Amino acid sequence: MNRMSLRFISVSDNVGLARVAVAALASQADFSLQDIDEIKVAVSEAVSNAIVHGYPGRSDGEIQVTGMLDAGGLTVTVEDWGVGIEDITQARQPAYSQDPERMGLGFVFMESFMHGLQVESTPGQGTRVEMHRLVTISGELSRDAQ
Amino acid sequence: MNRMSLRFISVSDNVGLARVAVAALASQADFSLQDIDEIKVAVSEAVSNAIVHGYPGRSDGEIQVTGMLDAGGLTVTVEDWGVGIEDITQARQPAYSQDPERMGLGFVFMESFMHGLQVESTPGQGTRVEMHRLVTISGELSRDAQ
Amino acid sequence: MTIVHTIQPTRIVVAVNGDLDLKTADPLREALDALIDRYRDKDLIIDLADVDFIDSSGLGVILGRYRRLAQRNRTVSLAGIRPSVRTVLDLAGILTIITVIDSPIRKEAR
Amino acid sequence: MTIVHTIQPTRIVVAVNGDLDLKTADPLREALDALIDRYRDKDLIIDLADVDFIDSSGLGVILGRYRRLAQRNRTVSLAGIRPSVRTVLDLAGILTIITVIDSPIRKEAR
Ligand SMILES: Nc1ncnc2c1ncn2[C@@H]1O[C@H](COP(=O)(O)OP(=O)(O)O)[C@@H](O)[C@H]1O
Ligand SMILES: Nc1ncnc2c1ncn2[C@@H]1O[C@H](COP(=O)(O)OP(=O)(O)O)[C@@H](O)[C@H]1O
């Protein structure tokens with residue numbers, strides 16, 4: 001019932017910006033604080049990947065994050081127009097990373113903290129990650145008096 | 001040295017979203033917490049106007065907020081493609097409002113809390129507000145250890 | 001936003017928690033008007049200790065309640081104003097017409 | 001992010017404040033490595049009581065320091081872990097290899 005789209009450049013400052021914007025959108029639905037913490041981790045991983053892997057050594061790459069809330073929950077997409085991924089299946093393996101400094105846990109976290117993850121990528125053209133998170137209503141229907 | 005662009009629909013939930021996103025961007029520069037509080041008020045006024053006046057009775061209007069940080073400070077634009085303003089000079093008068101329920105202080109707050117406000121509008125086509133806030137460095141150069 | 005009210009012998013104390021903006025203006029206005037209409041001889045105190053943000057939409061609700069009550073010789077006071085909120089109230093000149101209670105309202109309420 | 005360190009007889013206690021993510025990974029790594037290299041016989045304790053958010057970039061820094069120190073028979077422990085951070089550390093299996101100190105580190109430090 002609400003949607004937003006956020007565009008920014010590939011600098012690490014913007015990981016926090018993306019987290020905060022998606023969290024503000026998510027807080028309009030019946031997510032618990034823990035749900036929102038977990039959504040923030042997934043967003044942070046996807047945006048960090050776009051910056052680090054999508055645009056290596058570049059700070060002018062465009063990144064777009066969208067969020068959509070409906071009765072089914074929250075859908076987040078993170079898209080870049082960077083180098084793309086050759087082998088998506090391999091990239092999604094736990095502990096696989098092309099960068100020895102990194103842990104290879106980004107996709108694992110996205111999968112664990114969200115309910116459904118799709119990755120599309122074309123080498124040389126870019127990468128698009130779509131993640132969904134269901135609202136699971138526990139206890140009372142509305143959390144506040146609004 | 002950084003920029004972002006946020007698009008969302010004309011529902012009142014998104015006023016808070018826009019505030020939070022611009023505040024996250026502003027916090028990357030040397031603004032004090034009070035500066036950021038004031039920037040948030042200006043953003044809130046401009047976005048509320050786009051929702052209430054730009055798209056009266058509509059919840060599907062598109063609104064775009066951009067933020068740009070550079071050495072001169074922060075520039076924020078808020079744009080809608082709604083009804084537009086017939087007489088901008090009149091609209092900017094303190095206490096002028098077309099809506100008896102409102103205070104007519106939106107533009108006054110934007111002017112007071114920012115350093116420079118430009119309003120462009122074409123009836124039937126929409127409105128664009130651009131606001132600037134200078135960074136005024138007081139005391140130490142950097143606030144944290146980052 | 002959440003609203004908690006306490007009815008005292010001469011006044012209605014309403015503690016607000018959250019941001020006062022376009023989103024919360026309507027529910028706040030309705031909640032305050034319902035209380036004002038129900039307790040017809042009491043003054044209104046709005047406790048803003050848990051309000052971090054207010055803009056002209058939120059101010060409009062406060063000023064509107066002030067006007068409604070003033071017509072009936074009742075008053076509105078504000079308590080617990082934080083610095084970020086004070087800046088906005090100051091600029092709007094509201095503090096010259098609405099009384100501000102500086103002591104913590106919850107203790108005073110005893 | 002801010003970092004405050006205290007040197008104790010057998011350990012370096014580093015209190016971190018802020019989000020541990022891609023932005024803060026490099027400065028945090030550099031700060032910790034400088035301390036590790038300077039105090040060559042001490043263990044490292046990272047106090048996360050003021051850390052609300054961590055993702056795999058932040059975890060990478062912690063795990064990297066663990067590996068560096070383990071090679072030299074020195075240890076890394078974590079203190080003050082909040083629930084939001086614990087979820088992430090748990091999922092990564094870090095709590096099975098790195099010691100967690102549950103008591104408040106600032107008191108214990110005396
Ligand atoms: N947006 C992207 N653009 C290009 N490559 C990517 C992108 N996202 C992920 N990858 C590839 O997938 C690998 C695994 O990603 P991930 O699980 O997040 O681990 P890490 O970020 O720690 O390397 C990366 O090392 C990289 O090769
Ligand atoms: N985005 C907009 N689209 C159309 N009209 C607008 C817009 N922004 C402002 N206006 C007009 O300018 C007037 C003054 O705006 P403002 O000072 O913010 O006061 P208020 O919002 O309280 O009416 C509004 O009443 C409206 O008529």
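Per chain, numbering begins at 1; letters A, B, ... match sequence-line order. Keep in mind the model is a prediction, meaning the values are calculated, not measured. Hydrogens, waters and symmetry mates are skipped; everything else that's a heavy atom, side chains included, is used.
Rounding to the nearest 0.5 Å gives a distance of 4.5 Å between CE of B/M103 and CG of C/L59. Taking CG of B/L17 as the start and NZ of C/K23 as the end, the distance is 10.5 Å to the nearest 0.5 Å. Taking OG from C/S56 and CG from B/L105, the interatomic distance works out to 6.0 Å, rounded to the nearest 0.5 Å. Taking CZ from C/F53 and NZ from B/K40, the interatomic distance works out to 7.0 Å, rounded to the nearest 0.5 Å. Of the inter-residue distances, the one linking B/S44 atom OG with C/D19 atom CG reads 8.0 Å to the nearest 0.5 angstrom.
Between B/Q34 and C/P83, the closest side-chain pair of non-hydrogen atoms is not below 4.5 Å.
With B/S112 as reference, C/L91 is the one residue of C/V88, C/T87, C/L91 to meet the side chain to side chain contact (heavy atoms under 4.5 Å, CB included) rule.
Nearest heavy atom pair, residue C/S57 against residue B/R102, reads OG-NH1, 3.3 Å.
Interface residue C/D55: backbone and side-chain heavy atoms are both found under 4.5 Å from chain B. Heavy atoms closer than 4.5 Å to chain B are found in the backbone of C/I54, but not in its side chain.
Under a cut-off of 6.0 angstrom, the local environment of CZ in C/R72 is crowded, with over 12 non-hydrogen atoms contributed by other residues, nucleotides or ligands.
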